Protein chains: 2
Amino acid sequence: MSISAKLVKELRDKTTAGMMDCKKALTQTNGDLEKAVDYLRKKGIQSASSKFGRKASNGLIASYIHLNGKVGVLLEINCETDFVAKTPEFNELAKNITLQIAASNPKYIKREEVPEEVVSKEKEVYYGQAENLNKPQKVLDNIVEGKLNKYFKEICLLEQEYIREPEKTVNQLVLEAIAKLKENIIVKRFARFKLGE
Amino acid sequence: MSISAKLVKELRDKTTAGMMDCKKALTQTNGDLEKAVDYLRKKGIQSASSKFGRKASNGLIASYIHLNGKVGVLLEINCETDFVAKTPEFNELAKNITLQIAASNPKYIKREEVPEEVVSKEKEVYYGQAENLNKPQKVLDNIVEGKLNKYFKEICLLEQEYIREPEKTVNQLVLEAIAKLKENIIVKRFARFKLGE
């Protein structure tokens, strides 16, 4: 089918992807704008992955104070160049992540940061809970692994559901920004203070 | 001498102290407004001390981002009531302390928080430096103590010179706020992120 220039422009505005990518996405999805966005997103996430490992020493320190000053968040988020650090898209990403931290109270950025003793203790609790089920060890192991994954999804920022679009994780949000801004982006560290905590 | 009501009002506006205190201060200082402020400040600091130890579980989380997003500060500062937490004076104090932290990069709030091993290591260095002076032990001890005090003044927020009025310490700034707001105030914790640090 033939794709109108207007539709291509609409998709470009929506995704900031290149013209040829947008044309291809719309051709592949028979001119369905929503599906084309998904198509690009998947493609974007793939191409984003190739940016991992690149040095990201620029970026921003961002903060967010909950209206009444009862909760506050400080965040360091890195990208590769000062140019990208100053884009509205990068600033919006930083802002959205501070909001996420304020609302969802993560303890770590990713599961690799959770101390081994914390993981062991969680496992112990889960095995204790599963013990009475009288199931084979392999089934118990699966149950415990499932619970552990759920635990990581709660306490690790990048694995959390993104509060504004719960169908994606915070990590996906970052990957989308990587695809859009074409630089590696790293959530480096954060602090979250709750009054009287 | 007789003190005019206008002068008393001026002093009250300037210090928010009570009418009788202002009258007394002006009488004691022969109507010299500046000296009366000092008089009240000294008095205030004394009366402020009596507020120590009172429970301070209210307050604010405040943040400050250096214009270009390269340095950020998050602060918890406590007072006794939500009423005081909402006053412009308390908010200004919080703001000024975040500015102080951004500019002067303290590592701790007070010297009691500096880990014993850090203090020992500093002392060792200072004794090493003083060793060649060929002085009696007592003199060496004094030199080391002097250097240690200087070190605390650099790394402990409350002992630092207040950047906007270097003739007072940050602790004095807090004491003045205690005297003015008539509640105990505690600088509870802070985080300071510098980009790429």
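Chain letters run A, B, ... following the sequence lines, proteins first, then strands; residues in each count from 1. As the structure is a prediction and not an experimental result, all values here were calculated from the model.
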Peer 1: Please say yes or no: joined through hydrophobic side-chain contacts below 4.5 Å, possibly via intermediate residues, are B:I163 and B:F152 part of one cluster?
Peer 2: no
Peer 1: Quick check for you: among B:G59, B:A94, B:G196, B:A62, which has the greatest number of heavy-atom pairs under 4.5 Å with chain A?
Peer 2: B:G59
Peer 1: Which hydrophobic side chains are connected to B:I65, either touching it within the sub-4.5 Å cutoff or through other members that do?
Peer 2: A:I61, A:I65, A:L74, A:F193, A:L195, B:I61, B:L74, B:F193, B:L195
Peer 1: With clusters defined by side-chain heavy atoms of hydrophobic residues (ILVMFWY) lying less than 4.5 Å apart, directly or transitively, does B:L60 cluster with A:V71?
Peer 2: no
Peer 1: So if you build clusters from Ile, Leu, Val, Met, Phe, Trp, Tyr with side-chain heavy-atom gaps below 4.5 Å, do A:V114 and A:I109 land together?
Peer 2: no
Peer 1: Can you list the donor-acceptor atom pairs spanning chain A and chain B that come in under 3.5 angstrom?
Peer 2:
{"residue": "A:I61", "atom": "N", "partner": "B:G69", "partner atom": "O", "Å": "2.8"}
{"residue": "A:S63", "atom": "OG", "partner": "B:S63", "partner atom": "OG", "Å": "2.9"}
{"residue": "A:G69", "atom": "O", "partner": "B:I61", "partner atom": "N", "Å": "2.8"}
{"residue": "A:K70", "atom": "NZ", "partner": "B:D82", "partner atom": "OD1", "Å": "3.1"}
{"residue": "A:E76", "atom": "OE2", "partner": "B:G196", "partner atom": "N", "Å": "2.8"}
{"residue": "A:D82", "atom": "OD1", "partner": "B:K70", "partner atom": "NZ", "Å": "3.1"}
{"residue": "A:R189", "atom": "NH2", "partner": "B:K194", "partner atom": "O", "Å": "2.9"}
{"residue": "A:K194", "atom": "O", "partner": "B:R189", "partner atom": "NH2", "Å": "2.9"}
{"residue": "A:G196", "atom": "N", "partner": "B:E76", "partner atom": "OE2", "Å": "2.8"}

Peer 1: Following the transitive rule for hydrophobic clusters with a side-chain heavy-atom cut-off under 4.5 Å over Ile, Leu, Val, Met, Phe, Trp and Tyr, establish whether B:I155 and B:V144 coincide in one cluster.
Peer 2: yes
Peer 1: Report yes or no: do B:I77 and B:F83 belong to one cluster of Ile/Leu/Val/Met/Phe/Trp/Tyr joined by side chain heavy-atom distances under 4.5 Å?
Peer 2: yes
